[in-house]
Amino acid sequence: MTVVRNVTGTAFVVAEFRAEENRELHPLYRDPIVHLFLDGESRWVADQIFASFPPIKNMVRIRTRYLDDRLDHQLQLGYQQVVILGAGLDTRAIRKPAPGVAYFEIDDENILAFKKARLEENGIDTNVRFIAGNYISDGLIDLLKKSEFDFERPTHFIWEGNTMYLTA
C-alpha cells in the first residue's frame with residue numbers, strides 16, 4: 001500500500017494500535033474494520049513509535065474504550081449527530097451505527113480519500129459525511145455549514161488525540 005508517506009502517518013500508527021486489541025484474549029473493544037487500512041509499512045512505523053514511547057499503546061487502547069463508552073451513552077440519550085474531529089482512520093461510524101444518527105468526519109483530504117476508497121473497495125457502506133479540511137484554519141463552523149450539518153440537533157463531538165498538534 002505504501003500510504004504512510006502519502007497521507008497523515010499518525011492515523012496509521014493509531015489504527016495499528018487499535019487493531020492489536022482485536023487479538024487480545026479479553027479485548028477492551030473490537031474493531032473489525034481497521035485492518036482494511038493497514039499493511040507491513042504501517043506495522044513497521046507503529047513498531048518504531050512503540051519502541052521510542054511504549055506507553056502509547058495503552059493510551060490508545062484506553063482512550064478508544066473510554067470514547068466508545070461515552071459515544072454509546074450519548075447515543076442512548078438520543079444524540080442525532082456525531083462529529084469526529086481529526087477523524088483519521090476512525091471506524092466508529094461503522095462500528096456504532098444508530099438509526100437516524102448522522103456521522104461527520106473532518107480531516108485531511110488525502111486521509112479521507114484513502115479511507116473512503118478502502119471502504120468502497122471492501123463493499124462497506126457508511127453513513128458518513130466526509131469533510132475535507134482543517135477545523136482550525138478552515139474553521140469548524142464553516143466546514144460544518146457546508147456539509148448538511150444541522151445546528152439544531154443534539155450532537156456529540158469526539159476530539160481524540162488532536163490536542164498534541166495544536167500550537168499555543
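Keep in mind it's a predicted model, so treat the numbers as computed, not measured.
Take E121 and apply the salt bridge (charged side-chain N to carboxylate O under 4.0 Å, His left out) test, not counting sequence neighbours, and it matches R118. Looking at residues two or more places apart in sequence or on another chain, you find no salt bridge (charged side-chain N to carboxylate O under 4.0 Å, His left out) involving D138. Residues passing the side chain to side chain donor-acceptor pair (under 3.5 Å) test with N127: none are found, sequence neighbours excluded. Shown here are the side chain to side chain donor-acceptor pair (under 3.5 Å) partners of D47, two or more places apart in sequence or in another chain: R43. Remark: T91 engages D31, R95 in a side chain to side chain donor-acceptor pair (under 3.5 Å) (not counting sequence neighbours). A search for salt bridge (charged side-chain N to carboxylate O under 4.0 Å, His left out) contacts involving D69 returns R65, not counting sequence neighbours. Applying the salt bridge (charged side-chain N to carboxylate O under 4.0 Å, His left out) test to K146 and every residue at least two apart in sequence or in another chain returns nothing. Contacts of R129 classified as side chain to side chain donor-acceptor pair (under 3.5 Å), with partners at least two apart in sequence or in another chain: none.
Contact detail for A11 and L89: the closest heavy-atom pair is O-CD1, 3.7 Å. Closest of all the heavy-atom pairs between D39 and E16 is O-OE2, 3.6 Å. What you find for R153 and G100 is that their closest heavy atoms are NH2-O, 2.8 Å. N22 and R30 get closest at one heavy-atom pair: O-NH1, 2.9 Å. Considering all non-hydrogen atoms of both residues, E105 and A93 come closest at OE2-CB, 4.1 Å. Scanning all heavy atoms of the two residues, the minimum distance from L38 to A19 falls at CD1-CB, 3.7 Å.
The shortest distance between side-chain heavy atoms of V45 and F12 does not fall below 4.5 Å. Using a 4.5 Å cut-off on side-chain heavy atoms (C-beta onward), L144 and I106 make contact. You'll find the side chain of V13 stays beyond 4.5 Å of the side chain of V60, heavy atoms only.
Taken from CD in Q74 to NZ in K96, the straight-line distance is 13.0 Å, to the nearest 0.5 Å. Remark: D72 CG to L77 CG distance equals 11.0 Å, nearest 0.5 Å. Here the CG atom belonging to L71 is positioned 4.0 Å from the CG atom belonging to L75, to the nearest 0.5 angstrom. If you take CG on N134 and CD on E109, they are separated by 13.0 Å, rounding to the nearest 0.5 Å.
L25 forms part of no hydrophobic cluster, judged by ILVMFWY side-chain heavy-atom separations under 4.5 Å.
Both F151 and I131 belong to a single network of hydrophobic side chains, linked directly or stepwise wherever heavy atoms of I, L, V, M, F, W or Y lie under 4.5 Å apart. Using a 4.5 Å cut-off between side-chain heavy atoms of Ile, Leu, Val, Met, Phe, Trp and Tyr, with links allowed through other members, L28 and F50 fall into different hydrophobic clusters. Hydrophobic cluster membership differs between I94 and Y29, with clusters built from Ile, Leu, Val, Met, Phe, Trp and Tyr side chains linked at under 4.5 angstrom. Clustering ILVMFWY residues whenever any of their side-chain heavy atoms sit less than 4.5 angstrom apart, transitively, puts M59 in the very cluster that holds F53. Using a 4.5 Å cut-off between side-chain heavy atoms of Ile, Leu, Val, Met, Phe, Trp and Tyr, with links allowed through other members, V82 and I124 fall into the same hydrophobic cluster.
Atom OH of Y66 has 12 or fewer neighbouring heavy atoms from other residues, nucleotides or ligands inside a 6.0 Å radius. By the neighbour-count criterion of 12 heavy atoms within 6.0 Å, atom CD of E24 is densely surrounded, having more than that number from other residues, nucleotides or ligands. At most 12 heavy atoms of other shown residues, nucleotides or ligands fall within 6.0 angstrom of atom NZ in K145.
Panel note: side chain D107, backbone L112; no donor-acceptor pair is recorded below 3.5 Å.
Taking the six-membered ring for Trp and thresholds of 30 and 60 degrees, Y135 and W159 have ring planes more than 60 degrees apart, a perpendicular arrangement.
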**Request:** Show your working on side-chain contact (heavy atoms from CB on, under 4.5 Å) between L119 and I33 and close with a plain yes or no.
**Result:** CA-CA 9 Å; L119 293 171; I33 306 300; 3.9 Å; yes

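Counting only residues at least two apart or in different chains, salt bridge (charged side-chain N to carboxylate O under 4.0 Å, His left out) contacts with residues 52-62 comprise E20-K57, E21-R61. Every pair passing ring pair (Phe, Tyr, Trp, His ring centres under 6.0 Å) that includes a residue from residues 74-105 is listed here, sequence neighbours excluded: F104-F149. The salt bridge (charged side-chain N to carboxylate O under 4.0 Å, His left out) contacts involving residues 76-91 comprise D90-R92, where partners must be two or more places apart or lie in separate chains.
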